[in-house]
Novice: 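My structure is below; once you've seen it, I'll send some questions.
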Amino acid sequence: MNTKTLNKTKEMAGKTERITGAEAIIRCLIAEGVSTLYGYPGGAIMPVYDELFKYKDSIHHVLTRHEQGAAHAAQGYARISGKVGVAMATSGPGATNLITGIADAQIDSTPMVCITGQVPSTLLGSDAFQETDIVGISTPVTKWNQQVTKASQIPEVLAKAFYIARSGRPGPVLVDITKDAQFETFDFEYKKCTGVRSYKAIPDTDPASITAAAALINNAKKPMIVWGQGVILGQAEAEFKAVVEKSGVPAAWTILGASALPTSHELNVGMVGMHGNYAPNKLTNECDVLIAIGMRFDDRVTGNLSKYAKQAKVIHFDIDPAEINKNVHADVAVLGDAKQSLALLLDALNKNTHTAWHQEFKDLYAIEYDKVIKNDISPTKEGLTMGEVLKQINIETKGNAAIVSDVGQHQMIACRYADFNITKSNITSGGLGTMGFALPAAIGAKMAEPHREVVAIIGDGGYQMNIQELGTIFQQKVPVKIVVLNNEFLGMVRQWQELFFDNRYASTEMTNPNFVAIAEGYYIKARKVVKREELEDAVKEMIASKESYFLEVCVEKEGNVFPMIPTGASVSDIRLS
């Protein structure tokens, strides 16, 4: 941030100065530490962009090629940095184009503030040009939203927006500001929000719940941990690792929880869920105590709820009271911030190893390795597999890259086979499953953490949903690495059609363009791999590049992702083929 602007903002704290609502918006963003903003200008937000031009040394505006790209880029920025991502758009279609990204952020608990322009307040409700009720539209998919019609409301509303977005269980907030409020002048004063009446961001942790949880864990013969993104959002990685190591409990992860504990950690037993690992899925229905930490028992994790962990006592750690008993009954609920509650739990735990229980995980892993994993990462067949591409990326990045994936087969393969040595390394669309997420999200992630290697893993279908963001990469000179795993199908849907719809490949085969030529059209270095002997050199070249790089890998057309839990089945019914 520009030092002069920052000093001026500090000087104005507690003082007033007459400025426009548009300038007030920029001043509020600066006061909240915003240095990067993703957006797309238009008529109803133009006054803010005019002020943004004056403050371009303080806030870097990234012109995406579509408002959905702006929302996903803000998500990627937030997910890797832990800061609030910010996106901005005009009224009408500009605002509605943000909705998919907002919905994605809501279900994946990503802190984001979206600012939209709106028609003048005198025209509200008149079906004016580019008017939509974005507050009404976004209400179901935001943590909070508000419409501003007076310039004097801007500081308080934006301060509240940032507080709500980042506090407690994070989420997206939308602030809709009419054009006349942007032009209107008022006496500006900014005070950061430190609390909102009737909103308790972090519930108090009941000491009795910690005692009860520790007693169950200490007396368990076959305990199992399933952790989610709450560990990462709570910055509780160190406390979580200490709990796992002291208790000796096998720990499995949801896709958004990946990287909170290194992949290589001896107590990390893999991923749960529809395409998770064989052992943690099977043994969920054999453990005697199931400890859920910062996860919400999503249906892709539990399978058939009527057959999920019915034999186990369930301990649920969560910051959001709404998640307790929502899907799975908790015998012990521990509410509170993960960092604090896990620190309290650590003190109450006995040291243990559970050696025999761990052996059961190892035995089942050996079965999965023989029937699935070795064929994915070291295939003997002619066609390239997605798994061997991830294996080569692991070798070249040493497991230190941030992997940003879209949705589909490539996503599951990336989650299963990428090495995650550093927290906040698996950035993907979890709950909403948004195709088109990865390319713009990778832009945001790389801009937030420019010294980290960021590799986008994308399928040929999802890639084309936001392919225009190659223009953002070119204009902003973002050195992100893009890998498209091209099987010329909407692969995950095709897999279901093969398994459950008698091989009727209805509308899933893709006739694709020349991806390399398109990338080169944006002046991005590009390469295509069709043979196994080309893969190692191509990945080496990509990772070594100091600039953006596009790599297309043509993989087997009808490869499937296993293990797999069929829809409606129990986690015990996980299939290896």
Novice: Just to verify, what does Tyr523 make a ring pair (Phe, Tyr, Trp, His ring centres under 6.0 Å) with, not counting sequence neighbours?
Specialist: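 So Tyr523 forms a ring pair (Phe, Tyr, Trp, His ring centres under 6.0 Å) with Phe474.
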Novice: Is the backbone N or O of Pro440 less than 3.5 Å from a side-chain atom of Asn466, with the two atoms forming a donor-acceptor pair by type?
Specialist: no
Novice: Tell me whether Trp253 contacts the main-chain N or O of Ser259 through its side chain, where contact means a donor paired with an acceptor under 3.5 Å.
Specialist: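 It does not hold such a pair.
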Novice: Taking only residues two or more places apart in sequence or in another chain, which ones pass side-chain contact (heavy atoms from CB on, under 4.5 Å) with Lys371?
Specialist: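 By the side-chain contact (heavy atoms from CB on, under 4.5 Å) rule, Lys371 matches Ile367, Leu576.
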Novice: Between Asn486 (side chain) and Glu488 (backbone), is there a donor-acceptor pair under 3.5 Å?
Specialist: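 It does hold such a pair.
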Novice: What is the minimum heavy-atom distance between Asp370 and Asn375, and which atoms define it?
Specialist: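 That would be O-ND2, 4.0 Å.
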Novice: Which donor-acceptor pairs under 3.5 Å do the side chains of residues 451-458 make with protein atoms, sequence neighbours left out?
Specialist:
from, atom 1, to, atom 2, distance (Å)
Arg452, NH2, Asn400, O, 3.1
Arg452, NH2, Ser425, OG, 2.8
Glu453, OE2, Lys481, NZ, 3.0

Novice: Taking only residues at least two apart or on different chains, which pairs with a member in residues 385-440 satisfy ring-ring contact (aromatic ring centres under 6.0 Å, His included)?
Specialist: His72-Phe437
Novice: Do Phe240 and Trp227 have their ring centres less than 6.0 Å from each other?
Specialist: yes
Novice: How would you list all residue pairs meeting ring-ring contact (aromatic ring centres under 6.0 Å, His included) that involve residues 536-577, not counting sequence neighbours?
Specialist: Tyr463-Phe550
Novice: Decide side-chain hydrogen bond (donor to acceptor under 3.5 Å, both in side chains) for Ser548 and Lys477; before the verdict, give the C-alpha distance in whole Å, the side-chain angles of both, and the deciding distance to 0.1 Å.
Specialist: CA-CA 7 Å; Ser548 55; Lys477 300 294 185 285; over 6 Å; no
Novice: So, does Glu368 use its side chain to make a donor-acceptor pair with the main chain of Tyr278 at under 3.5 Å?
Specialist: yes
Novice: Please work out which of the three classes, parallel, tilted or perpendicular, describes the rings of Phe297 and His316, given edges at 30° and 60°.
Specialist: perpendicular
Novice: Would you check if the side chain of Asn304 reaches a backbone N or O of Gly568 as a donor-acceptor pair within less than 3.5 Å?
Specialist: yes
Novice: Is a side-chain donor or acceptor of Arg532 paired with a backbone partner of Val530 at a separation under 3.5 angstrom?
Specialist: no
Novice: Could you please spell out the steps behind the side-chain contact (heavy atoms from CB on, under 4.5 Å) verdict for Val372 and Arg416?
Specialist: CA-CA 11 Å; Val372 177; Arg416 284 177 54 81; 4.0 Å; yes
Novice: Can you tell which of Glu556, Glu388, Glu558 makes a salt bridge (charged side-chain N to carboxylate O under 4.0 Å, His left out) with Lys381?
Specialist: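 So the option named by the test is Glu556.
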Novice: Does Phe515 form a side-chain contact (heavy atoms from CB on, under 4.5 Å) with Lys528? I'd like the steps, not just the answer.
Specialist: CA-CA 9 Å; Phe515 288 129; Lys528 182 176 182 177; over 6 Å; no
Novice: If we check side chain to side chain donor-acceptor pair (under 3.5 Å) with Thr472, which of these qualifies: Gln475, Glu469, Gln476?
Specialist: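 Exactly one option meets the side chain to side chain donor-acceptor pair (under 3.5 Å) with Thr472, and it is Glu469.
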Novice: With sequence neighbours excluded, what pairs up with Gln359 under the side-chain contact (heavy atoms from CB on, under 4.5 Å) test?
Specialist: Lys362, Asp363
Novice: Got a sec, which residues hit ring pair (Phe, Tyr, Trp, His ring centres under 6.0 Å) with Phe361, two or more places apart in sequence or on another chain?
Specialist: Trp357
Novice: So, does Asp108 use its side chain to make a donor-acceptor pair with the main chain of Thr110 at under 3.5 Å?
Specialist: no
Novice: Report yes or no: does Lys446 contribute a side-chain atom to a donor-acceptor pair with the main-chain N or O of Pro450 at less than 3.5 Å?
Specialist: yes
Novice: Taking side chain to side chain donor-acceptor pair (under 3.5 Å) as the definition, give me every residue that meets it alongside Lys222, ordered by chain and number, with sequence neighbours left out.
Specialist: Glu360
Novice: Tell me, please, which residues at least two apart from His66 pass ring pair (Phe, Tyr, Trp, His ring centres under 6.0 Å).
Specialist: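 Not a single residue meets the ring pair (Phe, Tyr, Trp, His ring centres under 6.0 Å) criterion with His66.
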Novice: Excluding sequence neighbours, so at least two apart, what forms side-chain contact (heavy atoms from CB on, under 4.5 Å) with Glu498?
Specialist: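 Partners of Glu498 by the side-chain contact (heavy atoms from CB on, under 4.5 Å) criterion, ordered by chain and then number, come out as Arg494, Asn503, Tyr505, Asn560.
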Novice: With side-chain contact (heavy atoms from CB on, under 4.5 Å) as the test, would you mind laying out the steps for Thr96 and Ile137 before giving the verdict?
Specialist: CA-CA 8 Å; Thr96 58; Ile137 291 169; 4.1 Å; yes
Novice: Looking at residues at least two apart in the chain, or sitting in another chain, which of them share a side-chain contact (heavy atoms from CB on, under 4.5 Å) with Val407?
Specialist: Gln411, Ser429, Met435
Novice: Can you list the residues that meet the side chain to side chain donor-acceptor pair (under 3.5 Å) rule with Glu547, with sequence neighbours excluded?
Specialist: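 So Glu547 forms no side chain to side chain donor-acceptor pair (under 3.5 Å) with any residue.
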Novice: Keeping the roles fixed (side chain from Asn268, backbone from Pro262), state whether a donor-acceptor pair exists under 3.5 Å.
Specialist: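 Judged by distance alone, yes, a pair lies under 3.5 Å.
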Novice: Where is the tightest heavy-atom contact between Val404 and Ala441, given as atom of each residue plus distance?
Specialist: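 Of all heavy-atom pairs spanning Val404 and Ala441, the closest is CG1-CB, 3.9 Å.
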Novice: So if I apply the side-chain contact (heavy atoms from CB on, under 4.5 Å) rule between Gln229 and each of Arg296, Lys424, Arg79, which one comes out positive?
Specialist: Arg79
Novice: Please answer whether the main-chain N or O of Ala438 pairs with a side-chain N or O of Asp406 as donor and acceptor at a distance below 3.5 Å.
Specialist: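 Present.
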